[in-house]
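All chains are named by letter (A, B, ...) in the order of the sequence lines, taking the proteins before the strands, and each is independently numbered beginning at 1.
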Number of protein chains: 2
Amino acid sequence: MTDNKDRYEIIIQKLRDNGHKITPQRLAIVKILAKSEGHPSVEDIYVQIKKDFPTMSLATVYKNILLIKSLGEVLELGFPDGSNRYDGKKPYPHPHVICIKCRKIVEPDLDSLDGMKKEVSLETHFNILYHRLDFFGICSDCRIKER
Amino acid sequence: MTDNKDRYEIIIQKLRDNGHKITPQRLAIVKILAKSEGHPSVEDIYVQIKKDFPTMSLATVYKNILLIKSLGEVLELGFPDGSNRYDGKKPYPHPHVICIKCRKIVEPDLDSLDGMKKEVSLETHFNILYHRLDFFGICSDCRIKER
DNA sequence: ACTCAAATAATAATTTTTATCAATTAACAC
DNA sequence: GTGTTAATTGATAAAAATTATTATTTGAGT
């Protein structure tokens, strides 16, 4: 995952370039966004950092995510149940497949996506700028456990 | 739009069939869900009914939507900005195209949807149960106004 | 090291949704 | 039609999530 290390440095560089201070709290948040395997929530990030940083405040997490979002370096995933999760590894819109049993999230490459975007443009005459594509179902692991 | 009239009666019948009382407040909420042109929010519904029903409570709107949702007769659309909108006309998942200028929502028929679902299943080995597909962009009306 | 604007931490305020509960009322039996 | 009963309503409180406020602290440049 050298890709993730790059993301970490890309985000920090962007913060510097835009004149923001590089604080330890900020570094810790960026590290989790860029390197953690899953799609962490604000609470996830807060709890994890609190271990090494007992004075960490929830507001700091919110403010930093807001900042990094405004730089276009993290993707916010608001789910129908109201929960928000963040992806600092792929900050651009992309499809997600979510297991409704174990909450695992998979990110497929879909060849049919380009064609669908064209179909949408043709049919609606919209200029499509971005999208949000989620599929919900049961993953193979959970199907096996059910037997 | 005889379709929408049908939806109104289908929902009320389902409420009756499941032993729920048909109150004037409930009828008003169902009417908006089934007949209003857009995708109303809880607040929209509340404000609109308050005109004829000054004693209407927000909690009543929430409780009724929860009930109708549990009967599978309304689709809840939670958007990334945290807002929730409801569709009582097509209560099953379907793609939406949203104008980020005027908030207009269009519902296209996409031939490529079935193929994409198959591709998702093949690639991820998930059993796909439902989906949420939103495209965001600028509608042709708003593009014309910009000139 | 010094200065200063920016960031943090703690908390208050706001927003959205859900829970509580006494008063009301729709539906059914008679 | 009238009475009974359990569901529903309405008002408000509570809960949950996010944003705002502000005194204090600190990173970064001089």
Side-chain angles (χ1 to χ4, degrees), chain A residues 11-33 39-71 73-86, chain B residues 11-33 39-71 73-86:
Chain A
I11 297 173
I12 290 165
Q13 192 55 50
K14 191 126 174 195
L15 285 164
R16 277 193 216 286
D17 292 348
N18 287 74
H20 298 290
K21 292 182 182 175
I22 306 303
T23 68
Q25 295 91 334
R26 187 158 283 169
L27 285 175
I29 291 166
V30 171
K31 185 182 284 186
I32 291 177
L33 288 177
H39 293 70
S41 66
V42 165
E43 192 67 20
D44 290 339
I45 295 169
Y46 174 64
V47 167
Q48 195 168 333
I49 296 179
K50 204 117 215 264
K51 286 186 218 155
D52 312 298
F53 247 104
T55 71
M56 178 56 118
S57 166
L58 244 187
T60 298
V61 182
Y62 276 105
K63 273 183 285 199
N64 274 283
I65 285 180
L66 197 66
L67 172 63
I68 299 168
K69 222 171 36 168
S70 77
L71 298 175
E73 293 300 334
V74 67
L75 181 67
E76 184 175 54
L77 295 174
F79 284 103
D81 66 5
S83 63
N84 280 305
R85 301 186 162 276
Y86 297 88
Chain B
I11 296 174
I12 290 167
Q13 191 55 49
K14 191 126 175 194
L15 284 164
R16 277 193 214 285
D17 292 348
N18 287 74
H20 299 289
K21 290 183 183 177
I22 306 304
T23 67
Q25 295 91 335
R26 187 158 282 170
L27 285 175
I29 292 166
V30 172
K31 184 182 282 186
I32 291 177
L33 288 177
H39 294 69
S41 65
V42 165
E43 192 68 19
D44 291 340
I45 296 170
Y46 174 64
V47 168
Q48 195 168 335
I49 296 180
K50 205 116 214 264
K51 286 186 218 154
D52 311 299
F53 247 104
T55 72
M56 178 54 118
S57 166
L58 245 186
T60 298
V61 181
Y62 275 106
K63 275 181 283 196
N64 274 284
I65 284 180
L66 196 67
L67 172 63
I68 299 168
K69 223 171 33 168
S70 77
L71 298 175
E73 294 299 335
V74 68
L75 181 68
E76 184 174 55
L77 295 173
F79 284 103
D81 65 7
S83 64
N84 280 305
R85 301 185 162 276
Y86 297 89

Could you tell me whether a side-chain N or O of Asn18(B) sits under 3.5 Å from a main-chain N or O of His20(B), the two making a donor and an acceptor?
no
Interatomic distance, Leu15(B) CG vs dT9(D) P [rounded to whole Å]
10 Å
Whole-Å gap separating P (dA17(D)) and OH (Tyr86(A)):
12 Å
Could you tell me from which nucleotide to which nucleotide of DNA chain C, 5' to 3', there is an atom under 4.0 Å from chain B heavy atoms?
dT16(C) to dA27(C)
Please answer whether the main-chain N or O of Leu71(B) pairs with a side-chain N or O of Lys14(B) as donor and acceptor at a distance below 3.5 Å.
yes
In whole angstrom, give the distance that lies between atom CG of Leu67(B) and atom C1' of dT9(D).
13 Å
Between Gln25(B) and Ile49(B), does a side chain to side chain contact (heavy atoms under 4.5 Å, CB included) hold up when you go through it step by step?
CA-CA 8 Å; Gln25(B) 295 91 335; Ile49(B) 296 180; over 6 Å; no
With heavy atoms under 4.0 Å as the rule, sort Ile22(B) into base, sugar-phosphate or nothing.
sugar-phosphate
What is the distance from CZ of Arg26(A) to P of dG27(D), rounded to the nearest Å?
12 Å
In terms of heavy-atom contacts, Arg85(A) and His39(A) come closest through NH1-O, 2.8 Å
Taking every heavy atom of Pro40(B) against every heavy atom of Asp44(B), the minimum-distance pair comes out as CA-OD2, 3.5 Å
Against Val42(B), only a single residue in Ile65(B), Val47(B), Asn84(B) fulfils side chain to side chain contact (heavy atoms under 4.5 Å, CB included); can you say which?
Ile65(B)
dA17(D) phosphate, OP1 or OP2, under 4.0 Å from Asn84(A) side-chain N/O
no
Just by distance, do the side chain of Arg26(B) and the backbone of Lys21(B) share a donor-acceptor pair under 3.5 Å?
yes
What is the distance from CG of Asp81(A) to P of dA17(D), rounded to the nearest Å?
10 Å
Going by heavy atoms closer than 4.0 Å, what residues in residues 50-64 of chain B are next to DNA chain D?
Thr55(B), Met56(B), Ser57(B), Ala59(B), Thr60(B), Lys63(B), Asn64(B)
The residue, Arg16(B) or Leu66(B), whose nearest nucleotide of DNA chain C is more 5′ is Leu66(B)
To check you understand the geometry: which heavy-atom pair defines the closest contact between Ser57(B) and Tyr46(B), and what is its length?
C-CE1, 3.7 Å
Do Gln13(A) and Asp17(A) meet the criterion of a side-chain donor-acceptor pair at a distance under 3.5 Å?
yes
